[in-house]
Amino acid sequence: MAKNTITSSSTAEYFSKNLQQVGFSSPTKAVLTTLKEAVDNSLDACEEQGILPEIAVHIEKLGAGTLKNTDLIKIRVEDNGPGLSLDDVPKVFGEYLASSKFGRGRCSRGQQGIGISAATTWAQLTSAKGVMVTTKTKTMRQAVQVQVAVDIKHNKGLLKDKKEGKLKNPHGLSVEFIIDGRIQLQGEGGLITYLTGTALVNPHLTLHYTLPEQKTVTIARVSTDCPDVPEATEPHPHTMKLGEFIAHSHLFGRITLKAWLKKGFSRISDNSIAEFIKNGLDKKVMDASVDKITEAQFKDIFTIIHKTELMSPSTKSVMTIGEESFSKSVRRLGEVDFFSVVTRKPTICDYKPVAVEVAVARLKGLTKGEGTEDGPAQVLRFANRVPLQFDKSACAMVKAIETVNWRAYGLQQPKDSVPLGPYVIAVSLVSPFIKFKNASKETIDASEELVEELRRTLIQAGQRLSRHIKKEHREQDLENKLRYIEQFCPILVDCLCRITKAPDKRKKKATEGLEKILGRDLSAAKKEFKEADLAAKEAAAKGKIQIIKDEVEESEPETIEADSEKEVAAEEKTPKKKGKGKIVVKTAPKAAAKPAAKPVAKPAPKKASKSPVSKEKSIS
């Protein structure tokens, strides 16, 4: 019998045989993942140097691909970032797990150093060319162009064909991949969906893109404030497993246990060390070097730490897009009727700092697919300001949307499903420790605490949404009553006068009297609409929707605490101010309705006479 020999494989060799784990499971995904990794790297590089990013994307078909039913596609991404030195180019594009952000606990898009190297590997396997990189830093006289390939056996990047290159910007980076794939423009895995989503959560970005058989599109930045990415934070010990806890100690070399606990974790102080000793940890072990502690001792230390109550980690390590910038960016989605933006204060979920932002917008002009009158609302998901486009049903964000009772806020919703109508629901989650379900970062793992925090934010957006819909219902109710009076009053009076053979003088008095009787409801409707319209105009001037006077004492279903137990209740009775944890509801310039002099006949809605409040009460 032949003896089996055990061999070892490099990281590059493993991923080259399992590229489906990092987003290259189909030709369509391969194109989108390659583009996403290149754009993510450009945005991170610009933000780290405080540069307002300007990115140009060019995608074209070159012919038939080598794989069945694929095209040969060229993807070029160029930015105005700081560029890379020639020594760093092979590490970034040709070496797996080579990253300046790996394990740092920072709210950056890329962290593991896998994605862009996997894109180079896919290009190398399908076109045998790797990636063409052109780079120029401020210290370089001339841009340099090189071909980068992956040494799969040894997990190293190889440089080939070095020569002078050209860039449009005085410094920056350009990457060009030639790969086998298929192009999808719209839908879940669409390139346009990804690019518009990236612009939505990056209001400081100017994006130019040219797609096959399409004209060049430019999405200009709406904010000149470059995000200040918070410094990296250390992990909280309660988020770790025993093996991770031991492996974390190996990163610090020869250091005492006490110093390692204080330096390697967040929220561990001298008081925490005293609590550990009080709960049974040996004082002598505290002064021992971590490289000399046995696994049995590590297990005891780990158990005692998990039994001890510790402060939650700091929320200073998370960042938000910002209500003002997010509001401006939402307008770039298309013809927006109205929208609301909710930014919650950073909080702790599963001992990890998170910040959630939600935008709900109603769009005009959509004729097919998601976001139409009869179709489901379009859901846009973002993690650390990166669009998530696959495996939507298993994501924590979609599960949170499905648990909200959107019918109480005036929207149609099938049971346990996303609401229907021409709406876009954008949910952004930012955290230095987001738990994804796979290495390709396609969906977020759903824990109970995270889903509840997402749900609270969505409910707050729904409450503001219902106030705007209520104003529309009152406007429609007024128009219907005017139409009924104008349509049936003259007919009724004319018939009665002909039957009784009344003179014209009597007919005139009867008409005026009937209008007066029927006008009682009309006067009330006019009054309600006038108050709603005035409140809407004042809100538009101030940049937010305020509560209509006769709604102050009315209760709403599923009231959620924004920053404290009574904040939402207090919010109903006090003037609103901009700031963290507050809600800003914006309306497009044409959203504020004006009462027409001559009402136009419109088909009466099924439930136009019912206000969202009465509907909410019956549901709750």
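Excluded from the calculations below are hydrogen atoms, water molecules and symmetry mates; all remaining heavy atoms, backbone and side chain alike, are included.
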* To do: List the steps and the verdict of salt bridge (Lys or Arg N to Asp or Glu O under 4.0 Å) for E453 and R344.
  => CA-CA 9 Å; E453 177 64 17; R344 294 269 291 181; 3.2 Å; yes
* **Atom pair CD1/CG of I321 and D225 - distance to nearest 0.5 Å** => 13.5 Å
* Pairing residues for S447 by the side-chain hydrogen bond (donor to acceptor under 3.5 Å, both in side chains) criterion, not counting sequence neighbours -> D350
* Asked: Side chain of Q413, backbone of V404: donor and acceptor closer than 3.5 Å?
  -> yes
* Criterion side-chain contact (heavy atoms from CB on, under 4.5 Å) on V217 and H208, from CA distance to verdict -> CA-CA 6 Å; V217 176; H208 313 276; over 6 Å; no
* Roughly how far, to the nearest 0.5 Å, is the CG atom of L310 from the CD1 atom of I305? -> 7.5 Å
* **R455 side chain reached by K399 side chain, heavy atoms, under 4.5 Å** => no
* State whether the side chain of R221 and the backbone N or O of P53 hold a donor-acceptor pair below 3.5 Å, judged by distance alone. => yes
* To do: Output yes when a side-chain donor or acceptor of T239 lies under 3.5 Å from a complementary backbone atom of P235, and no otherwise.
  => no
* With distance as the sole criterion, is a donor-acceptor pair present between the side chains of E275 and T308 under 3.5 Å? -> no
* Structure fact -> Value for CG (L200) from NZ (K328), rounded to nearest 0.5 Å, stands at 14.5 Å
* Side chain of W406, backbone of I459: donor and acceptor closer than 3.5 Å? -> no
* To do: Compare every heavy atom of T443 with every heavy atom of A394, then report the nearest pair and how far apart it is.
  => C-OG1, 3.6 Å
* To do: Check step by step if salt bridge (Lys or Arg N to Asp or Glu O under 4.0 Å) holds for E442 and K392.
  => CA-CA 8 Å; E442 294 173 353; K392 183 166 61 176; over 6 Å; no
* **Distance in Å, S340 OG paired with R362 CZ, rounded so as to fall on 0.5 Å steps** => 11.5 Å
* Under the ring pair (Phe, Tyr, Trp, His ring centres under 6.0 Å) test, which residues partner F24, sequence neighbours left out? -> W122
* Quick one: side-chain hydrogen bond (donor to acceptor under 3.5 Å, both in side chains) partners of H204, sequence neighbours excluded? -> E47
* Structure fact -> Heavy-atom closest pair (V418 atom, A377 atom, distance to 0.1 Å) is CG1-O, 3.8 Å
* Side chain proximity check, I219 to Y209, heavy atoms < 4.5 angstrom -> yes
* For S329, all residues meeting side-chain hydrogen bond (donor to acceptor under 3.5 Å, both in side chains), sequence neighbours excluded -> R332
* Hey, do the aromatic rings of F265 and F245 have their centres closer than 6.0 Å? -> yes
* Could you grab the distance from atom OG1 of T34 to atom NZ of K29, nearest 0.5 Å is fine? => 13.0 Å
* Indicate yes or no for a side-chain donor-acceptor contact from T403 to the backbone of A400 under 3.5 Å, with no hydrogens or angles considered. => yes
* Asked: After noting the C-alpha distance and the side-chain angles of T343 and E357, does the key distance pass the side-chain hydrogen bond (donor to acceptor under 3.5 Å, both in side chains) rule?
  -> CA-CA 5 Å; T343 298; E357 292 178 283; 3.1 Å; yes
* Using a 4.5 Å cut-off on heavy atoms from C-beta on, say whether the side chain of V341 contacts that of V358. => no
* To do: Give the C-alpha distance, both sets of side-chain angles, the deciding distance and a yes or no for side-chain contact (heavy atoms from CB on, under 4.5 Å) between L458 and I425.
  => CA-CA 9 Å; L458 290 161; I425 303 174; 3.9 Å; yes
* Asked: Counting only N and O atoms by type, is there a donor-acceptor contact under 3.5 Å from the side chain of Q184 to the main-chain atoms of Q186?
  -> yes
* Take L450 and L429, measure what side-chain contact (heavy atoms from CB on, under 4.5 Å) needs, and give me the verdict at the end. => CA-CA 10 Å; L450 180 58; L429 174 68; 4.0 Å; yes
* Measure the shortest side-chain to side-chain distance between Y423 and L411 over non-hydrogen atoms and say whether it is less than 4.5 angstrom. => yes
* L380 versus P387: any side-chain heavy-atom pair under 4.5 Å? -> no
* Asked: Is any side-chain heavy atom of T218 less than 4.5 Å from a side-chain heavy atom of L207?
  -> no
* Asked: Does F382 have any ring pair (Phe, Tyr, Trp, His ring centres under 6.0 Å) partners at least two apart in sequence or in another chain, and if so, which?
  -> none
* Could you tell me whether the side chain of L43 reaches within less than 4.5 Å of the side chain of N202, counting heavy atoms only? => yes
* To do: Considering non-hydrogen atoms only, spot the tightest contact between V427 and M397 and give its length.
  => O-SD, 3.7 Å
* H238: what forms a ring pair (Phe, Tyr, Trp, His ring centres under 6.0 Å) with it, not counting sequence neighbours? -> H236, H306, Y351
* To do: Any chance you could lay out the side-chain contact (heavy atoms from CB on, under 4.5 Å) test for L195 and L35, step after step, and finish with the verdict?
  => CA-CA 9 Å; L195 292 168; L35 173 63; 4.2 Å; yes
* **Side-chain (S325) to main-chain (S223) donor-acceptor, under 3.5 angstrom** => no
* Structure fact -> Taken to the nearest 0.5 Å, the spacing of L388 CG from R381 CZ works out to 5.0 Å
* **Whether S431 side chain and P353 backbone form a donor-acceptor pair below 3.5 Å** => yes
* Are any non-hydrogen side-chain atoms of N384 and P432 less than 4.5 angstrom apart? -> no
* Distance-only, no hydrogens or angles: does the Q412 side chain make a donor-acceptor pair with backbone N or O of R407 under 3.5 Å? -> no
